[in-house]
Amino acid sequence: MVTDIKLKEVPKKQLAIQPKKFILWLFMVSIVMVFAALTSGFIVRQAEGNWLAYALPSQLWVSTCIILLSSGTAIWALKSSKSGNLTTTRTGLILTLLLGLAFLVTQFWVWSVLVDNKIYFVGNPAGSFLYVLMGVHAFHLLSGLLYLLIMLIRAYKVRSAEQIQFHLGLSTTYWHFLTGLWVYLYVFLIIYH
Amino acid sequence: MSTAHVDLTDEMGHEDHGHHEQGFVSKYIFSTDHKIIAKQFLISGIVWALIGGLLSVIFRLQLGFPDMDMSWLSPLLGKWINIDPGTGVGKLDTGFYLALVTMHGTIMVFFVLTAGLSGTFSNFLIPLQIGARDMASGFMNMLSYWFFFLSSVIMFISFFISTGPASGSWVIYPPLSALPQAMEGSGLGMTLWLVAMALFIVSTLLGGINYIATVINMRTEGMSFTKLPLTIWAFFLTAIIGLLSFPVLLSAALLLILDRSFGTSFYLSEIYIGGEALPNMGGSPILFQHLFWFLGHPEVYIVLLPSLGITSEIISTNSRKPIFGYKAMIGSMMGIAILSFVVWAHHMFVTGMNPFAGSIFMILTLIIAVPSAIKSFNYLTTLWKGNIIFTPAMLFSIGLVSFFISGGITGIFLGNAALDIQLHDTYFVVAHFHLVMGSAAFFGMLAGVYHWFPKMFGRMMDRKLGYVHFWLSFIGIYLIFFPMHYIGIAGYPRRYYSFTNFDTFSTFADLNSFISLAAIATFIAQLIFVFNFFYSIFRGKKATQNPWKSNTLEWTTPINPGHGNWPGAIPKVYRWPYDYSKPGAKDDFIPQTVPYAETPESNLPHEQELAGLESNNDNAIKVD
């Protein structure tokens, strides 16, 4: 009887997306709109003239590489959990967390380079926009780090990797989104700064 | 067998929630049940509507009777009434007048017609009408309400600070809103406004994400998108619009906060105050207007679409006729939703924008008339030759159609870039949006309350009081806003404290007093509703299970649905929700849960084929 019911459950599950996963995607849509607003504001403001021209600090390459690498380790962590290897899942998560922190440190480093180049947060909007774009992204990245940290703690509480697989999938999806968002911002800045 | 199947697929374990008693706090305060959250939104919305209405009465007194002695208001308004020490005559403080206008707009647009309307009916009706036990995430839903509540508290507190609430109007254009020196309300009041609105946006996003996820993922078996009631379509599209536009307001507000508190120059440039130059250079106040109206215009439809959806449902039910043009209704709502994102600059024709851009925004704006007209005609053709039952809800729905048409037509004038030079920021604009967006959306909300009150509280609202409320409101609103068109064309600007210094306007002084009297009368008429609402919760006539003989799923639940909505299995859906007065049918309505196999007498040929599929059903349904 019981197995019979479970068999019937399967086709329906495939039709609908898991609501929590869907909620995450909608949440990411709203973040996209925040950045769409900021970057289009950037373009509109730039078109009006009186725009301070400056070179982007080359250190941004370093942070971009770090965050791309962290997405790689996130993929590794998720794959390990799927193949049931809890140890490598944990290692993957730790690496991702550390690389995420390294990214934030590099971004902060970029800010200090900007200050050395006399591009200040308070001043011409050309500079302020850069700080705001990086800052708002870093703020969202903190939320991503928090989610990964919760997953890491859970990874030490569970017996088998399958138990955290679903939420690990969500958290790494969010993490890849944040990586993609940064790549978008970087490309945008290269084109428009 | 099929019963067991349904229970398992829809959240195991929800079943037993209805049976054990929850504590008072988890049942009525920090509840995750969508019905309770909806009632919380509704009652908060009513409280805010009364506050917002009262504010408008105070500034209408000033506008209609500029020479009046207002010292009798000083017990309520305290130091905002300036009493002349010599004569003892009290005058409304000019700064506070602006704060009243600002807060009236903010409260009505966001707290009443966004949170109070979407928050109430999306929460209440989405799970009930699509056949779900609750929202996709009850916890997020609860957070949504409490973020709104916190936002409300902060906004309310701003009335009691010494510099008064925000007063740069609800659109908070910088530099007025960005510089605390600009006016009293731009100090702490503006800061509180921004904090409250940031929380409000979080609340709206949490709610909206939930509505979308629920509609897409949690429909009951058979409830395809083409069988959804139009209410759900409207709430769904509203939530999508909100999801895309509110984050933009958040960005705009973030930059404004940075300008106000951290010294950046996103919106500020070359400003002199008292002969001294401010350090801010290079900002653009127009940038704020672009960002603001990118939310601001879709917001109009966030306010209006739910009401249009509610009206579709009520008009069809009470005309005892299928809605005319179901798919055209969906199509035009989609059209409105998409167009709402590409017309924002029609609020900015006179900001010195490129005339070519102006003409593009003008054309796009005028195109909105097409889906709007389709909707109006569909309402009228649904009413046409129907067996109309004039319940209070039906009257308010018809009232909405009237406001939607008479307010919408003036939109065609305002959308013209050339005419807007004359009409911009006059009372013509005030009249336009108060009819088409304010009153229409408000009537939709009232219609919804009258219609779904029996489902919310298990009792009926008093019919006669409903009729009195309707006629006083309907006539009152036209008496308030129709004359405003004339004084607007005559050139009365919005937001002015008084017009006594302009000789040109003295001929309209009587008309202005008349508008104020109508406004006061209309406000008092709303108290009838408030009494009826709260009295009926406790003393109203007991409701029957399906008092309006309606087809939708919510009327298949018990009279007082518990947590989880249906005590047994969730019903399956076989047909669209508008089978009213179907030729050959026994009754003049066939609920969505009745299979075609049970109604051979009224089936159309293609429905007869569907009836065949239902009988060897299980597999057939799962495939689609």
Atom pair [atom1] ([X]) and [atom2] ([Y]), whose distance is rounded to the nearest 0.5 Å:
{"X": "M281(B)", "Y": "L52(A)", "atom1": "CE", "atom2": "CG", "result": "12.0 Å"}
{"X": "R45(A)", "Y": "L255(B)", "atom1": "CZ", "atom2": "CG", "result": "12.0 Å"}
{"X": "I209(B)", "Y": "W25(A)", "atom1": "CD1", "atom2": "CH2", "result": "13.5 Å"}
{"X": "K21(A)", "Y": "N217(B)", "atom1": "NZ", "atom2": "CG", "result": "11.0 Å"}

Could you tell me which portion of [X] (side chain, backbone, both or neither) has an atom closer than 4.5 angstrom to a non-hydrogen atom of chain A?
{"X": "F262(B)", "value": "both"}
{"X": "L258(B)", "value": "side chain"}
{"X": "L249(B)", "value": "neither"}
{"X": "L244(B)", "value": "both"}
{"X": "I240(B)", "value": "neither"}

Is it the backbone or the side chain of [X] that comes under 4.5 Å from a heavy atom of chain B, or both, or neither?
{"X": "F129(A)", "answer": "both"}
{"X": "V34(A)", "answer": "both"}
{"X": "V136(A)", "answer": "side chain"}
{"X": "Y131(A)", "answer": "neither"}

For a quick test of reading the model, state the closest non-hydrogen atom pair linking [X] to [Y] and the distance between them.
{"X": "A213(B)", "Y": "L26(A)", "result": "N-CD1, 3.9 Å"}
{"X": "P125(A)", "Y": "S265(B)", "result": "CG-O, 3.3 Å"}
{"X": "G282(B)", "Y": "N50(A)", "result": "CA-ND2, 3.3 Å"}

How about CZ on F139(B), more than 12 heavy atoms from neighbouring residues, nucleotides or ligands closer than 6.0 Å, or not?
no
Flag yes if more than 12 heavy atoms outside F108(A) fall under 6.0 Å of its CZ atom; otherwise flag no.
no
Out of T214(B), I286(B), L250(B), V248(B), which one racks up the most heavy-atom pairs below 4.5 Å with chain A?
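Among the listed options, the one with the most contacts to chain A is V248(B).
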Are the side chain of S30(A) and the backbone of L243(B) linked by a donor-acceptor contact shorter than 3.5 Å?
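Here the side-chain-to-backbone pair does not exist.
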Are side-chain heavy atoms of L38(A) and L291(B) found at a separation under 4.5 Å?
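When only atoms from C-beta onward are counted, L291(B) and L38(A) do not touch, as no gap falls below 4.5 Å.
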